[in-house]
Number of protein chains: 2
Amino acid sequence: MTAEPNGRQNLGLLCFYPHRAMEARLLATLAAAGFDDITMAQGRIAARIGPAGTRLTDLAEQALVTKQTAGHLVDQLERSGYVRRVPDPTDGRARLVRMAERGEQVVHLARRVEAEVEAEWTAHLGEEATAQLRAALERLREITDPYR
Amino acid sequence: MTAEPNGRQNLGLLCFYPHRAMEARLLATLAAAGFDDITMAQGRIAARIGPAGTRLTDLAEQALVTKQTAGHLVDQLERSGYVRRVPDPTDGRARLVRMAERGEQVVHLARRVEAEVEAEWTAHLGEEATAQLRAALERLREITDPYR
DNA sequence: CCATTTTCGTCAGAGGGTCTGACCATCGTC
DNA sequence: GACGATGGTCAGACCCTCTGACGAAAATGG
């Protein structure tokens, strides 16, 4: 991911800045709201928990980490009260990771911050350019995201 | 960075996929070429070394890490023979981190891979959409990258 | 219906990346 | 020259992630 001598940077690197900015804003806002024990890694796992709960293995697969890593992160989320594990009624081996009350609060706040940041970006780029940006990124995802 | 229930994902997250894909490709290709002792963190530091060498403090600032972290990574890069530290003739305290021969080789290869991946993306999106994407990301960088 | 294989999850251990805090040497300035 | 600012290192800690090994439950297939 090298920065070329002329100002031209590769597209992968250019994608990095907005992503980092979004994550930093999220983390800062959540911390300011009292959710100061959350980390980015935890967030990336938590973001993939479905409404009815999700298996650890699925979380790991979608987040592109090992089961062990996902388990470790869920341990922390559970200890902090953001999620809880319940038995999966359809499979004796499995457990479902489900959002707890405290977790839902974080999700609501995170959504608001995301919308806020996107609004700022739209103000900078203009409506049309932003829509094109989103469309391009979504198409790009087809070939850069192994998970759909 | 939550994934919303409907398919719509926030722009920060959408930016993540291409970035991750680019980094993964780079790392895999470099490893296959025999540079198998390099890591992403090292790459992010190394990418910021200028032609005449760069001070550790500047590397740290641009990469948004502490001096200690940058120093640690440069240690590894030096041990692997990618860079070397030379005294800064203009400042007795400072040392310049400069690319070594082996480092230059990596940079050349990395540039080629980046161009390759961008070509694939362009093939998927089309020339015009790719140009627009780049323009939008560059404008977005103005407000999402604290370093210029 | 049982044996085998697969899947779900955990435990244990290791290495890498990053940070804070303390510290020394040198530079620049008054 | 004295003193604050700057470049860099050392030490210690924490978090993230991985590999390997394993037990329990489910799925498969005679």
Side-chain angles (χ1 to χ4, degrees), chain A residues 1 16 20 23-24 27-28 30-31 35-50 53-80 82-98, chain B residues 1 16 20 23-24 27-28 30-31 35-50 53-80 82-98:
Chain A
M1 204 72 84
F16 173 63
R20 179 178 64 187
E23 266 195 344
L27 226 57
L30 293 182
F35 304 112
D36 57 346
D37 53 352
I38 209 165
T39 67
M40 287 193 260
Q42 290 170 25
R44 281 188 281 250
I45 289 291
R48 291 172 166 82
I49 298 175
T54 305
R55 291 188 187 181
L56 185 65
T57 301
D58 295 336
L59 292 178
E61 189 172 75
Q62 289 171 39
L64 290 188
V65 298
T66 60
K67 293 182 296 179
Q68 292 90 325
T69 300
H72 181 58
L73 294 168
V74 169
D75 283 349
Q76 300 170 230
L77 286 166
E78 194 171 28
R79 225 178 300 122
S80 304
Y82 293 113
V83 307
R84 46 183 214 285
R85 286 189 241 229
V86 300
D88 183 340
T90 75
D91 189 332
R93 296 166 300 180
R95 297 204 276 164
L96 294 175
V97 180
R98 204 174 295 187
Chain B
M1 204 73 82
F16 173 63
R20 179 178 64 186
E23 265 196 344
L27 227 57
L30 293 182
F35 305 111
D36 57 345
D37 53 352
I38 207 165
T39 67
M40 287 193 259
Q42 290 171 23
R44 281 187 282 252
I45 290 291
R48 291 171 166 83
I49 298 175
T54 306
R55 291 187 188 183
L56 186 65
T57 302
D58 294 336
L59 292 178
E61 190 173 74
Q62 289 171 39
L64 290 188
V65 299
T66 60
K67 294 184 294 179
Q68 293 89 325
T69 299
H72 181 58
L73 294 169
V74 169
D75 284 347
Q76 301 170 231
L77 287 166
E78 194 171 26
R79 226 178 299 121
S80 304
Y82 293 112
V83 307
R84 46 183 215 287
R85 286 188 241 230
V86 300
D88 183 339
T90 75
D91 189 332
R93 297 166 298 178
R95 297 203 276 163
L96 294 176
V97 180
R98 203 174 297 186

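Lettering follows sequence order; numbering is per chain, from 1. Atoms considered below: every heavy atom in the structure, side chains included; atoms not considered: hydrogens, waters and symmetry mates.
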Distance col, row A:R44:CZ vs A:L59:CG, nearest 0.5 angstrom, shows 14.0 Å
Polar atom pairs (N or O), protein with nucleotides 2-7 of chain C, under 3.5 Å:
unit_1, atom_1, unit_2, atom_2, d
C:dT7, O2, A:R93, NH1, 2.5

Nearest heavy-atom contact between B:R98 and B:I49 is CA-CG2, 4.2 Å
d(A:L96 CG, A:R84 CZ) to nearest 0.5 Å is 10.5 Å
note: A:E23, atom CD; D:dC16, atom P; distance rounded to Å ~ 12 Å
The reported gap from CD in B:Q42 to CZ in B:F35 (rounded to nearest 0.5 angstrom) is 13.0 Å
Rounded to whole Å, CD1 of A:I38 lies from P of D:dC14 at a distance of 20 Å
Hits for side chain to side chain contact (heavy atoms under 4.5 Å, CB included) against A:R95, two or more places apart or cross-chain, chain-then-number order -> A:R85
Tightest non-hydrogen contact, residues A:I45 and A:A70, listed as CD1-CB, 4.1 Å
Q.
Below the 4.0 Å mark, does D:dC16 have OP1 or OP2 next to a side-chain nitrogen or oxygen of A:T39?
A. yes
Sorted by number, residues from residues 68-80 of chain A placing a heavy atom under 4.0 Å from DNA chain D are A:Q68, A:T69, A:H72, A:L73, A:Q76
- Query: Taking only N and O in the side chain of B:T57, is any of them less than 4.0 Å away from OP1 or OP2 of D:dT6?
  - Reply: no
Between CG of A:D37 and P of D:dC16 the distance, given in whole Å, is 11 Å
The helix from C:dC1-D:dG30 to C:dC30-D:dG1: angle between terminal helix axes, five bp per end, to the nearest 10 degrees, reads 30°
By side chain to side chain contact (heavy atoms under 4.5 Å, CB included), B:T57 pairs with (sequence neighbours left out) B:K67
- Task: Report yes if at least one side-chain N or O of B:T66 is closer than 4.0 Å to OP1 or OP2 of C:dC19; otherwise report no.
- Result: yes
Worksheet item: Hey, mind stepping through B:R48 and B:T54 against side chain to side chain contact (heavy atoms under 4.5 Å, CB included) and telling me if it holds?
Response: CA-CA 8 Å; B:R48 291 171 166 83; B:T54 306; over 6 Å; no
To the nearest angstrom, the CD-P distance between B:Q42 and C:dT18 comes to 10 Å
From CG of B:D36 across to C1' of C:dG15 the rounded distance in Å is 16 Å
With sequence neighbours left out, the residues meeting side chain to side chain contact (heavy atoms under 4.5 Å, CB included) with B:D91 are B:R55, B:D88, B:R93, B:A94
Taken to the nearest whole Å, NZ/B:K67 to P/D:dT6 is 10 Å
The reported gap from NE2 in A:H72 to CG in A:L77 (rounded to nearest 0.5 angstrom) is 10.5 Å
5'-most contact on DNA chain C (nearest-nucleotide basis), A:L56 vs B:M40, goes to A:L56
**Prompt:** For D:dA24, does OP1 or OP2 lie under 4.0 Å from any side-chain N or O of A:R95?
**Reply:** no
Looking across every strand, which nucleic acid part, if any, lies under 4.0 Å from A:D88 by heavy atom: base, sugar-phosphate, or nothing? nothing
